[in-house]
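All heavy atoms count here, side chains included; hydrogens, waters and symmetry mates do not. Chain letters run A, B, ... following the sequence lines, proteins first, then strands; residues in each count from 1. In this text, all values refer to a predicted model and were calculated from it rather than measured experimentally.
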Amino acid sequence: CSGYQKLLKSNDVNKKYEAAIKYYNEGDYFKAGTLLEELQPLLKGRPEAEKAQFYFANTNFKQSNYVLSAYYFKSFYETYPNSQYAEEAMFLHAKSLFRDSPEYELDQTNTLSANESIQEFLNRYPESTFRPEVENMSQELQKKLENKAFQGAKLYQQLRYYQSAVVALGNFQQQYPGSVYSEDAAYLKLESQFNLAKESVEDKQRERYLEAVAFYKQFIDAYPNSRNLKSAENMYDFAQKELVRLKPTEKTAASASTN
Amino acid sequence: PTQAQTAPPNDGAEHYVLGGITVSGARYLDNNTLIALTGLKIGDPISIPGEEIGKAIRKLWDQGILGDVSVSTTKIQGNKIFLDFNLKERPRLSRFEFTGISKGQADELKNKIKLIRGKVVTDALLNNTRTQVKKFYTNKSFLDVKVNITQRPDSALSNSVVLVINVDKGDKIRVRDIAFEGNEAFSDRKLKGKLKKTKEKKPYKLLTSGKFQRAEYEEDKQKLLDFYNAQGYRDAIIVSDTLIRKDDGLALRITVDEGPKYYFRNITWSGNYLYDDKTLASVLGIKEGSAYSKETLDKRLNYNPTGQDITSLYMNDGYLFFSIEPVETKVEGDSIDIEMRINEGVQARVKDINIAGNTKTSDHVIRREIQTLPGDKFNRELLIRTQQRLSGLGYFDPEKVGMNPVPNQADGTVDINYTVEEKPSDQITLSGGWGGYAGFIGTVGLVFNNFSLRKAGTLSNWRPVPAGDGQRLALNVQANGLQYQAYSFSFTEPWLGGRKPNSFSFSLNKTISRFGTSFDPTTGQFIKSNSATVALGRRLRFPDDYFTLSNSVSITQYKFQNYPLNIRNSAVSELTTGDANNFVFNTTLARNSIDNPTFTRRGSSLSLSLSLTPPYSLFPGAHPNSTQWLEYHKWMFDASWFTPLVGKLVLNSRAHFGFLGAYNGNRTLGPFERFKLGGSGLGYGGASNFIVGTEYIGLRGYADPNDQEAIPTAQTADNGGIAYNKFVMEMRYPVSLNPAATVYVLGFAEAGNAFNTYSQYNPYKLYRSAGIGARVFMSAFGLLGFDYGYGFDTVPATVTNPGTGPKGRFHFIIGQQIR
């Protein structure tokens, strides 16, 4: 370790560089990173700079400093677009952002920028060997965004703001039509509308049960094998009974018959 | 940088393939690396004119190591082009130093001018530096400053120079005289007052610097005109303003043309279907014949922070697309007729609620506080209410809670985007101090206000603690060795079950206090208490949703040995060894509408609390002794109002009452739960500290409770009063509202007393005091401060107190105090 301390104090650029590469190859990314960081300004304009910059970015990645590694990989492939490491740098840039994407409950700005950089990578290197991994990352991020939107809408159902739940779940269905959460969203929308109707004043109940029945039909058409089929049917039966009880007044019946 | 143009004169670019690159002129730099840095490689297409060469030059520049770059064509063979990059290396900056100024200012300048060592010294860099240094001094009124920069080669490093920045500050040039011409309606003095930042320096004006700063002066001129406009002089202009340099400083001459004063005449309305003219006119509240003021008009139309305005009348009912345009239809003499053209638009419904900026706090913690719900009509008031709620959580910078409604005209809906900025909300207390009798006391406290129990199971979330679910976890240990130890733990979940804001909290406390010199477990003097509390609270919807109701059950066990408990006017005179238990049910009704918890400007907080023990003595048969199971009912009332006065000055008026009573006249009240007033209300300091089970209430200007010089009911020989009241008036003025450290100063007048019996109770017989103080709120440490109070009333002399204590006292304040 005393050798490393000596190196840190040394002014010999070449010795430092060689030692940094040695540490890097041995997998001691902390020591390699510290040396390479000091070397960055000193190597500017020298042939070793390219490799040093890529390695430096990677030491950050290996130490899970994804914010820094994303930044350095980006500046690497912008400075050396023709480098042999350029493709890998762009991939690792995207991967850094991917790793830095927070859980779905938090602000997703980083997820969006990760998605963008993934798209850029795929446009630039469509034949890349990293393609399958990049596509997996992209799908995972997309699923995270869908989950965020779905949980946001679901919260209104949990808080018993049924009307808001119906609106929010409807927005979700519009925004993410092919989502893995689509089935749950459709069911929760039906349940929320049903509960809304049940809690309503009698004036509005008929209209709201009719809407619930419409949601039920959409639900069973789209998901005939749903595990929630049984309880959906129960709601439908209940709604039907209520609709019989809440016979349309003469006026609405008249307008219905003319239609 | 110059670029050699070999482009043929015809319009279209010529296309080549790069045949070779050379670099010339480099002395210290490596040619191959420079070629790599251009980003060009042999075989790349090059068009002339075209962007490839420009891009390559920019990349070289971006490295910041070159003085000049130019490109020339060495030869063209068929469609192959050969380029040469001619470089000029410049010396690099190795360091820089200042002469002619103090070290302090040199350090300040070093941070300001941001010269990067290792950068190439160019003319632009030198010019930039000179301008920045000049600006720094002209801002400090040194208008005659001279800056001279010289370069000298650095002997230690090749190809580098040292910059020597010589500054000749000259004299401070201040504004000595401001005069107005053409003003008839207002005096010079009045108008000078409207120039907020530009003031004249006079020998008697100690706090005025007399600085002249162009940008601030321009703002001041606008303020002057705004003042005229607000008074009905809407044609007022500044005809000319001159700054004259005299021997002793600057003289400012401002010539204004006031123009006539205008008045409102007829105000008519068009386009209004929802509200009739009369309703709108009463909301507007501008009478015919009042001075014409664009400012007042805008306020009443668009946003009035202290009352109603026309826009919120509509916007609180979904009319987001509402617009109103006041049009001057007629100007006759000094009277103006206005037609209000209204476009009511359609009612907009809320569609999506988006949240951004929460890097720590979970979505659901924020979303459940948001009052604007999808599917509801848009309501501006709820938007503002939401902002208050989000600020009130304490997780976000209250000044930066953003709300941005994005209307979709096409389908008549609106998305609302909320943005927040997290601020540190956890508090760490590490303190040590001398506390009178007990000597050194150390405190370790941890409060996590945004804890997450759900995430606590995963080890990777402990960086440093799992956070984001809005739960509160607090741990506190206070001790000075064997003599005094206090431990507490509490956990709060604000939304038990996740469906409603019903809070659940659980806390445990343990206190040990030993007296005398012998800490022997069998013969020593001590009192110990253990307690556990479970509380449930909920927000109410009636009478309004600022109300909360909370209920709690707690049990406390007191264990004491050879412990002197003297109760004046009580049958129980000496109670030395034994146990006492306190099982109590508490219910508290509170209303809290304060706008900002750290520096409150407006709002109020009221709380009525009732604590009841079971009425053992009312049951038939044998019942426990009153010293074994405490029996009492206790009523506490606290009220606090915040009123903005002038500018940033806020008045806080408070009233506090507390009463302790027995169910049964034959049973006396025990020594516990009584009130002691004095000092900063922290309950320690003075001779014998830490009497557990006592309610300590601050009374600045008088000695801490249990001190020999404390007011009678708070003295050591007494266990405290059974009734108290206290009234406070406090003026607060913010010095800094920075969320990292909110600082304010205050002046107060207060009065309070506690009484031993109800027959002695007299809300007019109070100990009065007045004083000044300051508070600092740092999110990591909570509230800290000190007060100096002067007690007007003399504390009567007793056996232990000669009654000659000082009138003025200093108090240290730790934490936010309710009473």
Can you tell me which of [options] forms the most heavy-atom pairs within a distance under 4.5 Å of chain A?
options: B/Thr359, B/Val350, B/Asp44, B/Val420; result: B/Thr359
options: B/Lys500, B/Arg499, B/Arg368, B/Lys41; result: B/Arg499
options: B/Gly375, B/Gly357, B/Ser362; result: B/Ser362

**Report entry** Stepwise salt bridge (Lys or Arg N to Asp or Glu O under 4.0 Å) test for B/Lys455 and A/Glu105
**Finding:** CA-CA 12 Å; B/Lys455 293 181 195 164; A/Glu105 281 261 49; over 6 Å; no
Looking at [options], which makes the most heavy-atom pairs under 4.5 Å with chain B?
options: A/Glu48, A/Gln151, A/Glu103; answer: A/Glu103
options: A/Glu50, A/Arg160, A/Gln163; answer: A/Arg160
options: A/Pro102, A/Ala165, A/Gly152; answer: A/Gly152

Is chain B contacted by the side chain of [X], its backbone, both, or neither, given a heavy-atom distance below 4.5 Å?
X: A/Gln174; answer: side chain
X: A/Phe172; answer: neither
X: A/Leu159; answer: both
X: A/Glu78; answer: backbone

Query raised in the report: So do the side chains of B/Ile353 and A/Tyr156 get within less than 4.5 Å of each other, counting heavy atoms only?
Result: yes
Is atom [atom1] of [X] surrounded by more than 12 heavy atoms (other residues, nucleotides or ligands) closer than 6.0 Å?
X: B/Arg538; atom1: CZ; value: no
X: A/Tyr71; atom1: OH; value: no
X: A/Lys143; atom1: NZ; value: no

Distance from [X] atom [atom1] to [Y] atom [atom2], nearest 0.5 Å?
X: A/Leu106; Y: B/Lys360; atom1: CG; atom2: NZ; value: 11.0 Å
X: A/Asp107; Y: B/Thr361; atom1: CG; atom2: OG1; value: 11.0 Å
X: B/Ile355; Y: A/Gln108; atom1: CD1; atom2: CD; value: 11.5 Å
X: B/Asp363; Y: A/Lys148; atom1: CG; atom2: NZ; value: 3.5 Å

Query raised in the report: Under the side chain to side chain contact (heavy atoms under 4.5 Å, CB included) criterion, do B/Arg349 and A/Val167 qualify, and how do the steps go?
Result: CA-CA 10 Å; B/Arg349 287 194 180 269; A/Val167 173; over 6 Å; no
Query - chain A contact via B/Lys351 - which portion, at a heavy-atom distance below 4.5 Å - result: both
Query raised in the report: Which region of B/Ile366, side chain (C-beta onward) or backbone (N, CA, C, O), has a non-hydrogen atom less than 4.5 Å from a non-hydrogen atom of chain A, or is it both or neither?
Result: neither
Report summary line: Sorted by chain and residue number, the side-chain hydrogen bond (donor to acceptor under 3.5 Å, both in side chains) partners of B/Thr38 (sequence neighbours excluded) come out as none
Query raised in the report: Taking all atoms of both residues into account, what is the closest heavy-atom pair of B/Lys59 and A/Pro81, and its distance?
Result: NZ-CG, 3.4 Å
Query raised in the report: Can any side-chain N or O of A/Asn82 pair as donor or acceptor with the backbone N or O of B/Gly39 at less than 3.5 Å?
Result: yes
